[in-house]
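In what follows, chains are A, B, ... by sequence order, proteins preceding strands, each numbered from 1.
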Amino acid sequence: MEEKKVNENESNLPKNFIKEIIDEHNKSGRFNNKVHTRFPPEPNGYLHIGHAKSICLNFGLAEEYKGKCNLRFDDTNPVKEDVEYVESIQTDIRWLGFDWEKRLYFASDYFEQFYEYALVLIRKGKAYVDSLSADEIREYRGTPTEPGKESPYRNRSVEENLELFEKMKNGEFKDGEHILRAKIDMSSPNMNLRDPAVYRIRNTSHHRTGDKWCIYPMYDFAHGFSDSIEGITHSVCTLEFENHRPLYDWFLDEVEAPHHPQQIEFARLNLSFTVMSKRKLLQLVNENIVDGWDDPRMPTISAYRRRGYTPESIRNFAEEVGVAKRNGVIDVGRLEYAIRDHLNKIANRVMAVINPVKLVIINYPENVVEELEAINNPEDETAGKRKIPFSKELFIEQTDFMEDPPRKFFRLSPGKEVRLRYAYIIKCEDVIKDDDGNIKEIHCTYDPETKSGMSNSNRKVKGTIHWVSAQHAIEAEVRLYDRLFNSEDPTGDKKKDFLEFINPDSLEIKTDCKLEPSLADAKAGDKFQFERNGYFCVDTRYSKPGKPVFNRTVTLRDTWAKMQNK
RNA sequence: UGUCCUGUGGUGUAAUUGGCAACACGUCUGACUCUGGAUCAGAAGAGUCCAGGUUCGAGCCCUGGCGGGACAACCA
């Protein structure tokens with residue numbers, strides 16, 4: 001047999017258009033076969049799953065091509081930014097499993113250098129101080145289909161521009177009084193080239209540079225230079241910056257920057273049933289529609305972490321959805337698939353009853369407790385086994401019993417048999433109700449010959465249900481989370497606000513759940529599969545010793561529920 | 001009535017650069033099962049936005065349409 005040889009420098013991951021561009025660069029030697037990327041968040045909010053895609057892309061590319069990836073905060077707008085965010089962002093990236101090593105940078109570290117570049121432009125006659133108001137500038141800019149017109153201040157002398165810019169820097173003006181603009185082309189069909197703003201006056205202190213500056217550079221000016229200074233080869237960003245690329249290149253060319261990176265744009269992640277814009281997420285937080293940035297219903301990385309998602313699942317998801325330039329929407333079901341897939345392999349199984357109803361085995365002796373053996377994870381032998389107590393009185397799931405069952409109902413109903421997982425086959429003999437007709441207890445008999453593992457325990461029954469011994473059960477609160485929106489595209493309806501699509505049932509709190517006793521010492525963040533229910537984790541905020549709170553990460557695939565929906 | 005980007009099963013990505021459209025999720029069968037989970041076996045589903053052209057041969061190339069997206073912050 002001929003062995004397939006895999007080139008060590010070539011990964012087995014699928015190619016995307018960015019890797020193809022990199023391959024071409026490597027072939028032509030444009031960047032000396034180096035790959036150096038960066039993830040450049042603005043510290044003005046929490047990272048969400050869309051950022052996760054970008055993080056996986058940038059760090060992933062670096063890893064794959066044996067290059068490096070920097071973390072750089074794009075902190076050029078002090079009025080919106082905050083140190084709280086620079087902390088959370090680092091936490092989230094580390095949690096995802098990426099390492100920027102010593103390369104933690106801030107655009108604000110380069111303010112001095114940026115200022116020098118601005119002077120170069122002014123001296124070349126490529127930038128000027130404009131004294132129009134913001135409103136006037138907008139009017140002069142024209143529209144996408146009409147050319148703009150030049151500012152009356154456009155032809156100030158270099159000397160005057162230098163002097164004015166100096167005064168801007170020295171804090172001699174109020175916000176908005178003047179602005180430094182690049183002198184390009186007011187009639188360019190690309191709006192970004194119509195004399196874009198370069199430096200604006202902000203008499204605001206910056207979270208890192210304090211009061212040293214009262215002028216701050218704009219994104220387009222600062223970003224390319226930051227990339228250049230750091231030796232970035234491939235500056236990967238989202239599609240909306242496509243029209244900015246000519247400007248990115250213009251700045252670098254005009255100051256004759258020694259290193260000129262390649263900007264590459266890809267389609268940002270859109271998820272169905274989800275809103276992703278920072279503004280809208282902030283609104284959900286501010287209006288207390290959710291319980292903070294890390295509310296498990298949010299699409300933020302911190303929320304997914306709290307909800308029980310694993311870094312691996314998010315990275316797999318990012319790899320699976322791929323990278324392209326076409327805008328599309330990914331089905332949230334894919335994210336849910338990714339976390340089920342991972343948790344299936346690593347989460348220990350456990351029995352927990354979320355909506356309990358009492359079940360009494362009338363022919364089982366009082367005061368007897370059996371210790372039954374249960375498998376922790378059928379997908380992982382090394383997870384071992386544990387003991388579960390069994391006794392006369394149990395709790396089972398309300399939904400596992402029906403007085404009047406439909407066809408194909410494999411669970412318990414009067415006169416029918418079912419297996420209690422890891423225990424016996426039981427038969428429903430009687431149903432005890434209160435005066436209002438609510439089921440209080442279900443009475444069953446058990447067959448002692450059918451204990452799990454016994455030689456003649458192989459009798460076939462249609463269903464197996466989970467249970468918890470009543471006297472041994474520990475009580476817990478369980479939070480059942482569902483999608484935050486009940487519309488596939490909450491922002492797609494122009495006539496309705498996205499808040500009208502909030503799913504009123506996105507959180508259901510169950511307070512009298514009964515769990516098997518092994519869960520007594522579960523710690524915050526621990527993840528389990530509640531058999532036949534879903535994956536759950538111990539909440540990191542509300543769970544207290546002796547008063548545990550579990551979050552539902554995701555349900556199990558449920559073909560029974562699917563059948564019922566038809 | 002501009003510029004740039006983009007159109008491939010329901011969804012998302014591929015197609016060794018011109019050679020029978022593949023993979024994943026989803027959907028549907030069936031098997032297995034002490035989780036209606038997982039697993040296994042299989043199926044349906046696109047002829048690649050449209051119309052021309054080049055070619056023995058086009059999802060890939062050319063021409064012209066049509067659809068979708070982005071751009072008018074002193075945000076990033």
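Taking every heavy atom of residues 186-199 of chain A and every atom of RNA chain B, pairs under 4.0 Å involve A/Pro189, A/Met191, A/Ala197, by number. Contacts with RNA chain B (heavy atom under 4.0 Å) in residues 236-246 of chain A: A/Glu240, A/Phe241, A/Glu242, A/Asn243, A/His244, listed by number.
With sequence neighbours excluded, no residue forms a side-chain contact (heavy atoms from CB on, under 4.5 Å) with A/Arg407. Residues meeting the side-chain contact (heavy atoms from CB on, under 4.5 Å) test with A/Phe485, sequence neighbours left out: A/Val275, A/Leu284, A/Pro490, A/Phe498, A/Phe501, A/Ile502. For A/Pro405, the side-chain contact (heavy atoms from CB on, under 4.5 Å) test picks out A/Met402, A/Phe409, A/Ser413, with sequence neighbours left out. With sequence neighbours left out, A/Glu172 forms a salt bridge (charged side-chain N to carboxylate O under 4.0 Å, His left out) with no residue at all. Partners of A/Thr464 according to the side-chain contact (heavy atoms from CB on, under 4.5 Å) rule, which considers only residues two or more places apart in sequence or in another chain, are A/Arg419, A/Arg421. Remark: A/Arg552 pairs with no residue by the salt bridge (charged side-chain N to carboxylate O under 4.0 Å, His left out) rule, at least two apart or across chains.
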Detail all sub-3.5 Å separations between protein N/O atoms and N/O atoms belonging to nucleotides 14-18 of chain B.
from, atom 1, to, atom 2, distance (Å)
B/rA14, OP1, A/Val323, O, 3.3

Under 3.5 Å, N/O pairs linking protein and nucleotides 37-46 of chain B:
from, atom 1, to, atom 2, distance (Å)
B/rG37, OP1, A/Thr559, OG1, 3.4
B/rG37, N2, A/Arg349, NH2, 3.3
B/rG37, N2, A/Glu379, OE2, 3.1
B/rA38, OP1, A/Arg557, NH1, 3.4
B/rA38, OP2, A/Arg557, NH1, 2.9
B/rA38, O2', A/Asn344, ND2, 3.3
B/rA38, O2', A/Glu379, OE1, 3.4
B/rA38, O2', A/Glu379, OE2, 3.0

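Judged by closest nucleotide on RNA chain B, A/Met563 is the one of A/Gly176 and A/Met563 placed further toward the 5' end.
A/Arg483 forms a cation-pi arrangement with A/Phe273, by the criterion of a distance under 6.0 Å to the ring centre and an angle within 45° of the ring axis.
Taking the syn range as angles within 90° of 0, the glycosidic angle of B/rU17 is syn.
Put simply, A/Trp560 rests on the base of B/rG36: the two rings are less than 5.5 Å apart at their centres and nearly parallel, under 30°.
For RNA chain B, runs of at least 3 consecutive pairs of the Watson-Crick or G-U wobble type, with both hydrogen-bonding distances under 3.5 angstrom, map to B:2-7 with B:66-71, B:10-13 with B:22-25, B:27-31 with B:39-43, B:49-53 with B:61-65.
Of the candidates B/rC28, B/rA24, B/rG12, the closest approach to any side-chain atom of A/Lys562 belongs to B/rC28. Nearest to the side-chain atoms of A/Met218 among the listed nucleotides B/rA24, B/rC74, B/rC5 stands B/rC74. When distances run from any side-chain atom of A/Lys460 to the nucleotides B/rC75, B/rA72, B/rU33, the shortest one goes to B/rU33.
Comparing B/rU6 with B/rA43, their P atoms are spaced 36 Å from each other, to the whole Å.
Taking only side-chain nitrogens and oxygens, A/Arg138 comes nearer than 4.0 Å to OP1 or OP2 of B/rA73.
Pairs engaging residues 176-199 of chain A under the ring pair (Phe, Tyr, Trp, His ring centres under 6.0 Å) rule: A/Phe165-A/Tyr199, A/Phe173-A/His178, A/Tyr199-A/Phe221 [sequence neighbours left out].
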